[in-house]
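Every chain is numbered from 1 and lettered A, B, ... according to where its sequence line falls, protein lines coming before strand lines.
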Number of protein chains: 4
Amino acid sequence: MATSERRPRDPQARRAALAAAVIEVIAEVGIGRTTHRAVAARAGLPLGATTYYFPTLDDLIAAGLRQATEDLRADLERRAAAFRDTHDLAAALTDLALGYLDDRGQTQIEYELFVAAARDPALRPLAEFWLTGMTELLEPHVGRRTARMLVALLDGAMLHALVTATALDATALTSALRALILAGPREEA
Amino acid sequence: MATSERRPRDPQARRAALAAAVIEVIAEVGIGRTTHRAVAARAGLPLGATTYYFPTLDDLIAAGLRQATEDLRADLERRAAAFRDTHDLAAALTDLALGYLDDRGQTQIEYELFVAAARDPALRPLAEFWLTGMTELLEPHVGRRTARMLVALLDGAMLHALVTATALDATALTSALRALILAGPREEA
Amino acid sequence: MATSERRPRDPQARRAALAAAVIEVIAEVGIGRTTHRAVAARAGLPLGATTYYFPTLDDLIAAGLRQATEDLRADLERRAAAFRDTHDLAAALTDLALGYLDDRGQTQIEYELFVAAARDPALRPLAEFWLTGMTELLEPHVGRRTARMLVALLDGAMLHALVTATALDATALTSALRALILAGPREEA
Amino acid sequence: MATSERRPRDPQARRAALAAAVIEVIAEVGIGRTTHRAVAARAGLPLGATTYYFPTLDDLIAAGLRQATEDLRADLERRAAAFRDTHDLAAALTDLALGYLDDRGQTQIEYELFVAAARDPALRPLAEFWLTGMTELLEPHVGRRTARMLVALLDGAMLHALVTATALDATALTSALRALILAGPREEA
DNA sequence: AATGAATGAGGGTTCATTCAT
DNA sequence: TATGAATGAACCCTCATTCAT
């Protein structure tokens, strides 16, 4: 039965709406409790649309996670210039972290993805893409190994802020980042 | 005569068995997909035992998370002496991380807890207890703020290792930890 | 949730009720359109009872088919004496066919089983048990090969009656059966 | 220039292709589990074609069953001459049965149709047409009543072969057919 | 004339939870 | 005290059918 009024056709937009809805739902209830129904409701689309555009729930969830990852990449690219010109990388990174934490959902989904990827190899490329994005942003400044440590510190600090629902200790974080940058080897270009 | 195989029916033991089973199940499928049935099966106990000892599924899961946290604290206490005497805190911490990563399940559940706590305030005390444990171990050596950064770096690095299914870069991590320790203020008692 | 009034416990009876309901549903809509919900409604039991007692729909259906087969065997056993003493096997067989056709559902399910078994090897033993029951009833009188032909003729004639919704041509059938009996080899005990 | 691969769009051909696809699908999964999608995929036609050429699923299925019946009739006509000239009708019929069983799908669909017709009066004419075809082939030789018994025996024997996945006992079948022929009345024109 | 996008009913199955025993 | 029987909501997914294009 295909009664009730149909919405105009715009597959691109519907896929996007579903992916965006997935992100929101995951942020709210977690991957493990994300359902077709919740996503459809959130997207304002009929239930059937979820399986029509994404054969399985896993596909649907993956689409959301992929979208979130691409959103991050786009955001990082937008910020790339600022990082290139900064004379205080540590402060810039702290600002970045503070900015991300402003949108708890955005941050929450990052860790959802990480934890899920730790269990499900199929999600690993996505999580790695996420990590790589951050690392590559910093690599030109501090080399790969240090970049990785900076990202680790940032991710750890953000996770703690999220967990404890406490604001980041920006001063401490900046100092710590600076220490890593100063001490880091510069073996790479 | 064989007085039959009389099971002990030790409530304490059964609760513990259930909590331990919860930990295993969460590590395998995540909090969101943990069920009474899976826990009961894992514990080798009847389904009814789960709801008999823990009113709701959330309670059952919380019991598992609590147990996992207590296990960690006990482990940390056991290691405390080593930390007190070490002359190379950074190396000791890296060893600690490597040791934890040996048991992926153990590590996985830590991040499960963190991500869940980020969403559910009821779990926050548990996650904070976990964080506090690590921090307090290091505080006497480096002060609270630095301790926090060390823990953040450790958690971030371990998370990345888990996500990418890659071994920790122990050398880089140790250097980074050392940098944080050296640079850290010692403003606190 | 397990609200609403519970019926008394009698697993045996419930399994039987479900199996009986399956038989009715299959007779009405066919195996391919038999659903949990239809069976539960027919049995006057809640939906959950179907999967509680039979893990999958296939199991549920198999239980119905098995029950139908056992019903037939019991019926055949009841009639065995009459066959042993008859001096007119052909007439007795025609009566048997007429009797079975009285309950279209009973007959319908036989052919449902046969057609399903032709496709699904898992059902084959059941269908063969059905065939064997008839064959063994006749074997003492006419030998195995002739028994088989008698059963084939009966099954074919009943199928035609069912298909055309026409009464059996009892006279013709009796004559035909008699011809087979008379012409049959008596090579077996 | 390549005027593209312009498909013929021959409605007649498409209907035929769909009907043929229906036959295959029914043989594989049964009428009750035959779907638009499976048929379209099998025919290599778009989903919309199924409902475009046949209003409902039942119509589509009926088209397949009708086609199968017509195929049989055509086949019987082709064989009619052989039957007219044979001096050993029983042997010829056994050969016929063996031939049909060679293509299990062909045979399977016959019984699918029979069982469905037993339940659904709308299909009855089709099934009767099938039966009539066989009967009329034999009627000139043995009269109508005997012809019917021959067809019943054949159908029963083929069904058993199908069900048990066993080869027909050709010798026994031929003997049985012969017995029916010899004993049969010749009361009709 | 033809198609695939679109929808929601319905199907198989799982499961938290309740409760008789 | 302890258990497994019992229930129905909710889940994922399939699909007949409709309709815009």
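One interatomic measurement links the two molecules: NE2 of D:H36 to C1' of E:dG4, which rounds to 14 Å at whole-angstrom precision. Note: CZ (A:R33) to P (E:dC15) measures 12 Å, nearest angstrom. At whole-Å resolution of the value, CZ in B:R15 and C1' in F:dA2 are 13 Å apart. Look at CG on A:L47: it is 10 Å from P on F:dC11, rounded to the nearest Å. Per the geometry, CG belonging to C:L45 stands 10 Å off P belonging to F:dG8, to the nearest Å.
Of the two residues near DNA chain E, D:G48 and A:T51, the one whose nearest nucleotide lies more 5' is D:G48.
Residue A:Y52 places none of its side-chain N or O atoms closer than 4.0 Å to OP1 or OP2 of E:dT7. The phosphate of F:dT7 (OP1 or OP2) has a side-chain N or O of C:R14 nearer than 4.0 angstrom.
The stretch residues 53-63 of chain B comes close to DNA chain E through B:T56, B:L57, each having a heavy atom under 4.0 Å from the strand.
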Set out, in order, the CA-CA distance, both residues' side-chain angles and the distance that settles salt bridge (Lys or Arg N to Asp or Glu O under 4.0 Å) for C:R33 and C:E28, then state yes or no. CA-CA 9 Å; C:R33 299 214 206 271; C:E28 270 172 39; over 6 Å; no
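Summarising the geometry of B:A117 relative to B:A127, their closest heavy-atom pair is CB-CB, 3.6 Å, with the distance given to 0.1 Å. Nearest heavy-atom pair, B:A122 versus B:P125, reported as atom, atom and distance to 0.1 Å: O-CD, 3.5 Å.
Test A:D71, A:I61, A:L65 against A:I23 for side chain to side chain contact (heavy atoms under 4.5 Å, CB included) and you get one pass: A:D71.
Between the side chain of D:R124 and the backbone N or O of C:V163 there is at least one donor-acceptor pair closer than 3.5 Å. B:R104 places a side-chain N or O within 3.5 Å of a backbone atom of B:L162 that can act as its donor or acceptor partner. Remark: side-chain polar atoms of D:R66 are not paired, donor with acceptor, to backbone N or O of D:L126 under 3.5 angstrom. Proximity of a side-chain donor or acceptor of D:Q108 to a complementary backbone N or O of C:V115 within less than 3.5 Å is detected.
Side-chain contact check for C:Y52 versus C:R14: every heavy-atom pair is 4.5 Å or farther apart.
In the set F:dT18, F:dT7, F:dT3, the nucleotide with an atom closest to the side chain of C:A49 is F:dT7.
Among the atoms of the strands shown, none is found under 4.0 Å from any heavy atom of B:T50. Using a 4.0 Å heavy-atom cutoff across all strands shown, A:T35 reaches sugar-phosphate atoms only and no base atom.
In this model, a side-chain donor or acceptor of C:R37 finds a partner on the base of E:dG12 within 3.5 Å.
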Dot-bracket, 5' to 3', for DNA chain F please: Watson-Crick or G-U pairs under 3.5 Å, [ ] where pairs cross earlier ones, | where the partner sits on another strand, dots elsewhere. .||||||||||||||||||||
